[in-house]
Amino acid sequence: MTPQSPVSFEAPRSDDRALWDVAFAVYGYPALLIAHRLKVFSLLGEGARTLAAICEALNIQRRPAEAILTAATALGFLSLQDGRYSLTARSEDYLLEKSPNYFGFFWDMMIDNSQVFSYASLEEAVLTNSPQAYGGGDIYKSHEEQAELARRFTRGMHSISLTLATAWPGTLNLGSHRMMLDIGGGSGAHSIGAVLKLPDLRALVLDLEPICEVAQEFIVRHDLESRIRTHVADMWNDPFPEADLHFYSNIYHDWPAERGQFLTEKSFKSLQPGGRIIIHDVLYNDEKTGPFAPAAYSMLMMGWTEGESYSGTELSKMLQDAGFDVIQAYPAFGHYSIVTGVKP
Ligand SMILES: C[S@@+](CC[C@H](N)C(=O)[O-])C[C@H]1O[C@@H](n2cnc3c(N)ncnc32)[C@H](O)[C@@H]1O
């Protein structure tokens with residue numbers, strides 16, 4: 001027998017929590033989606049409950065109930081005091097359907113399409129560089145053909161966008177603008193937020209036909225028919241109607257950079273001097289070292305579209321190359337920012 005050199009056995013330079021956290025995220029976050037689907041939050045919206053009362057109401061046993069309730073508590077969505085679980089301010093604001101900031105329709109969209117975030121599907125998307133949602137291809141073509149899919153998607157987007165629209169209209173002085181073109185405007189959530197903040201502004205939600213039908217319902221629900229209209233059009237092929245403020249939310253990250261450049265140039269040509277463009281998105285930092293949210297958004301887009309997250313510098317360069325001036329970036333709500341420029 002030849003003598004073997006001893007196996008080196010040294011402590012690593014950091015502990016292994018970050019490795020565990022990757023695995024734990026796969027389990028921890030679905031606990032919240034399951035709690036949402038089991039209607040834990042609406043149950044606790046009626047009042048604090050003990051574990052036993054929650055088990056009885058949901059018809060599940062102690063072990064699974066405690067696992068999802070503890071995950072929700074650890075992540076700040078529930079609190080536990082004197083043996084009773086109750087909602088935190090965060091879950092009251094975002095997880096009760098009656099709240100204007102209700103996030104639940106977006107979570108529903110994730111759950112209804114949960115195969116898109118399965119390991120197998122994401123691996124396929126990475127290896128083939130092609131989206132997997134709805135069986136592959138352009139999700140927006142599927143929405144044009146299937147009104148119910150369009151409705152669910154648009155409701156999901158509305159669920160996140162109405163809250164976002166409380167912030168960006170106040171980040172810079174937009175008081176001189178009169179007509180906002182909300183390109184790929186979806187439910188019209190951003191138009192609703194903008195006209196409510198800016199009394200002299202009107203808005204036009206430009207989107208595909210089934211989406212405009214849904215947007216119209218939201219506009220009526222907010223009693224804003226006199227200030228917001230819908231405009232059925234294909235943003236790639238149809239001309240843009242007249243406006244002095246072009247707004248794109250969650251659009252650039254849906255597409256490859258050259259499509260973003262195309263839209264930027266199309267806006268530049270369509271706007272008059274003094275006209276403004278605003279791009280509202282989740283942005284990488286300039287070094288593209290993070291933050292985690294836009295990196296995760298790129299993975300989300302891997303499953304759904306041909307797009308990816310961009311940095312403020314990349315979007316600013318698109319604006320600059322198209323001819324825009326006074327280019328600035330501002331933080332907006334939560335993970336979101338805006339990049340804006342003016343046509344000289
Ligand atoms: C991710 S959603 C963003 C919706 C909205 N801007 C928001 O932030 O809530 C993308 C939107 O782009 C629209 N869209 C996709 N392709 C389009 C096209 N060719 N012409 C017009 N709108 C389009 C979709 O229908 C959808 O409403």
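The first residue in the sequence is number 1, and the count goes up from there. Note that ligands are numbered from 1 as they come in the structure, with each ligand's atoms numbered from 1 the same way.
In summary, the atoms of ligand 1 found under 4.0 Å from a heavy atom of Asp234, numbered by their order in the structure, are 18 (C), 19 (N), 20 (N). Counting the atoms of ligand 1 from 1 in the order shown, those under 4.0 Å from a heavy atom of Ser161 are 7 (C), 8 (O), 9 (O). Close contacts between ligand 1 and Asp254 involve ligand atoms 1 (C), 10 (C) [criterion: under 4.0 Å to a heavy atom]. The Met235 neighbourhood of ligand 1 comprises atoms 16 (N), 17 (C), 18 (C), 19 (N), 20 (N), 21 (C), with distances under 4.0 Å to a heavy atom of that residue. When each atom of ligand 1 is checked for a heavy atom of Trp236 under 4.0 Å away, the hits are 19 (N). Of all the atoms in ligand 1, the ones that sit under 4.0 Å from a non-hydrogen atom of Gly185 are 5 (C), 6 (N). Counting the atoms of ligand 1 from 1 in the order shown, those under 4.0 Å from a heavy atom of Ala233 are 20 (N), 21 (C). For ligand 1, the atoms closer than 4.0 angstrom to any heavy atom of Ser249 are 3 (C), 5 (C), 6 (N), 7 (C), 8 (O).
Checked by distance only, ligand 1 and Trp255 stay at 3.5 Å or farther apart across all their nitrogen or oxygen atoms. Between Asp182 and ligand 1, no N or O atom pair is found at a separation short of 3.5 Å.
In terms of protein heavy atoms, atom 23 (C) of ligand 1 is closest to Asp207 OD1, 3.9 Å. Taking atom 10 (C) of ligand 1 as the reference point, the nearest protein heavy-atom neighbour is Tyr140 OH, 3.4 Å. Looking only at protein heavy atoms, the nearest one to atom 12 (O) of ligand 1 is Ile251 CD1, 3.5 Å.
In this comparison of Gly184, Gly156, Ala189, the heavy atom closest to atom 4 (C) of ligand 1 sits on Gly184.
Annotation: Phe24 is not in aromatic contact with Tyr27 [ring centroid separation under 6.0 Å not met].
Within the cation-pi definition used here (under 6.0 Å to the ring centroid, within 45° of the axis), Lys343 qualifies as a partner of Phe268.
A donor-acceptor contact under 3.5 angstrom links the side chains of Asp182 and Ser191, judged on distance only. One side chain, Ser79 or Ser86, offers a donor N or O that lies under 3.5 Å from an acceptor on the other. Side-chain contact check for Thr163 and Tyr102: no donor-acceptor pair (N or O, by modelled atom type) lies under 3.5 Å. For the residue pair Tyr284/Ser298, the side-chain donor-acceptor check at 3.5 Å is satisfied.
Note on Asp112 versus Arg152: salt bridge recorded, some NZ/NE/NH1/NH2 to OD/OE distance being below 4.0 Å. With respect to the salt-bridge test (charged N to carboxylate O, under 4.0 angstrom), the residues Glu213 and Arg151 do not qualify. Of the charged side-chain nitrogens involved, at least one lies within less than 4.0 Å of a carboxylate oxygen, so that Asp15 and Arg17 count as a salt-bridged pair.
When heavy-atom distances to ligand 1 are checked against a 4.0 Å cut-off, Asn250 comes that close through both its backbone and its side chain.
Residue-environment remark: CZ (Arg259) exceeds the threshold of 12 foreign heavy atoms within 6.0 Å.
Using 4.0 Å as the threshold, His190 has a heavy atom nearer than that to some atom of ligand 1.
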